[in-house]
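The structure presented is a predicted model; accordingly, all values stated were derived computationally and were not measured.
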Amino acid sequence: MGTVIILPDLKQSSAFWQQLNIGRHQLRLIDYRLFNDAASDYQSLAKQIEELVRKVPQPVTLIGDGIGAVIALKVAVTAFGRIDNLLLVKPQYEIPTARLKRQAARWRLLPQGSFKDRPLDKKSSLTLLQSMYGLDLTNQLMHIQCPTTVFCGSRDRQNRTAAQGLSNRLFDGHLIWIDKMEAAINDDGLKSLGNQLR
């Protein structure tokens, strides 16, 4: 049966992922708020997720979207032999710090209530972003041995280059372009991911 673990992006409601068709697998949709202080630090959060990966029923499919994809990459680097399939939506491996800082500046202007349905509250989201400034996983990608599929919207100009570069650098990397998808996962993206879980 196995387990599908989903690490959502911070920009949209996690509830969207409930629509993903995972077949007979068990679903673990990660709520970062449950990790308390660890959720505010990239390294600590990745370590907590790795521990979870080691405990859940095998085989494990790890799905990461946006910031969740960066965390999934880090977990895949260290969780040798525990991840059978890695699915990444608009991942970055050389973090565009300037873009994260612009995003943080926009989030500071938002009211706390606008984060209610997101995976983290406002303060923790900002702290997590800051912990990723300057992050570069390029030299660690060689340690990812599991099959990895990278998904990127055909209209997503922000993430196209990183998606292509990542799929080329991985030992068993594949790239799927999703028509009609921009920078946020949509129904077409979910359908494409679901096809990989059959």
| field | side-chain contact (heavy atoms from CB on, under 4.5 Å), paired with Leu7, selected from Ile71, Leu45, Asp65 | value |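 So the option named by the test is Ile71.
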Once you round to the nearest 0.5 Å, how far does [atom1] of [X] lie from [atom2] of [Y]?
X	Y	atom1	atom2	value
Ile30	Ile49	CD1	CD1	4.5 Å
Ile144	Leu137	CD1	CG	7.5 Å
Gln196	Lys191	CD	NZ	13.5 Å
Ile178	Asn186	CD1	CG	7.0 Å
Leu190	Asn21	CG	CG	10.0 Å
Ser124	Leu129	OG	CG	11.0 Å

Restricting to non-hydrogen atoms, name the atom on [X] and the atom on [Y] that form the minimum distance, rounded to 0.1 Å.
X	Y	result
Ala76	Ile83	CA-CD1, 3.7 Å
Gln58	Asp84	OE1-OD1, 3.5 Å
Ala72	Leu88	CB-CD2, 3.8 Å
Val60	Arg82	CB-O, 3.5 Å
Glu94	Asp136	CG-OD1, 3.3 Å
Ala162	Pro91	CB-O, 3.6 Å

Looking at [X], I want to see if its [atom1] is surrounded by more than 12 non-hydrogen atoms of other residues, nucleotides or ligands under 6.0 Å.
X	atom1	value
Lys122	NZ	yes
Asn195	CG	yes
Arg157	CZ	no

Ignoring hydrogens and angles, tell me if any N or O in the side chain of [X] forms a donor-acceptor pair with the backbone of [Y] under 3.5 Å.
X	Y	result
Thr149	His174	no
Ser192	Gly189	no
Arg160	Ser154	yes
Ser44	Asp41	no
Thr148	Cys146	yes
Thr127	Lys123	yes
Arg28	Leu52	no
Thr97	Gly134	yes
Asp121	Lys116	no

| Taking NZ, NE, NH1 and NH2 as the nitrogens, is one of them in Arg54 or Glu50 under 4.0 Å from a carboxylate oxygen of the other? | yes
| task | Could you tell me whether Asp156 and Lys90 make a salt bridge, using a distance below 4.0 angstrom between a side-chain N and a carboxylate O? | result |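 No, this pair does not count.
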| said: With ring-ring contact (aromatic ring centres under 6.0 Å, His included) as the rule and sequence neighbours excluded, what pairs involving residues 64-95 come up? | reply: none
| task | Any pair with a residue in residues 111-154 that passes ring-ring contact (aromatic ring centres under 6.0 Å, His included), sequence neighbours left out, goes on the list, sorted by first then second residue, please. | result | Trp107-Phe115
Looking at side-chain heavy atoms only, is the closest gap between [X] and [Y] below 4.5 Å?
X	Y	result
Asp179	Asp188	no
Leu87	Leu197	yes
Leu10	Tyr32	yes

| query | Residues in ring pair (Phe, Tyr, Trp, His ring centres under 6.0 Å) with Phe16, at least two apart? | reply | none
| field | Donor on one side chain, acceptor on other, Lys74 and Gln140, under 3.5 Å | value |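 Checked: Lys74/Gln140 side chains pair up, N/O donor to acceptor below 3.5 Å.
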| request: Would you please say whether a donor-acceptor pair under 3.5 Å links the side chains of Gln92 and Asn159? | output: yes
| message | Test side-chain contact (heavy atoms from CB on, under 4.5 Å) on Leu170 and Leu141; report intermediate values, then the result. | response | CA-CA 6 Å; Leu170 293 170; Leu141 297 178; 4.2 Å; yes
| said: Could you tell me if Arg155 sits above the aromatic ring of Trp177, with its cationic atom closer than 6.0 Å to the ring centre and no more than 45 degrees from the axis? | reply: no
| field | CA sep, side-chain torsions, deciding dist, call: Ile67, Leu100, side-chain contact (heavy atoms from CB on, under 4.5 Å) | value | CA-CA 10 Å; Ile67 295 295; Leu100 282 190; 4.2 Å; yes
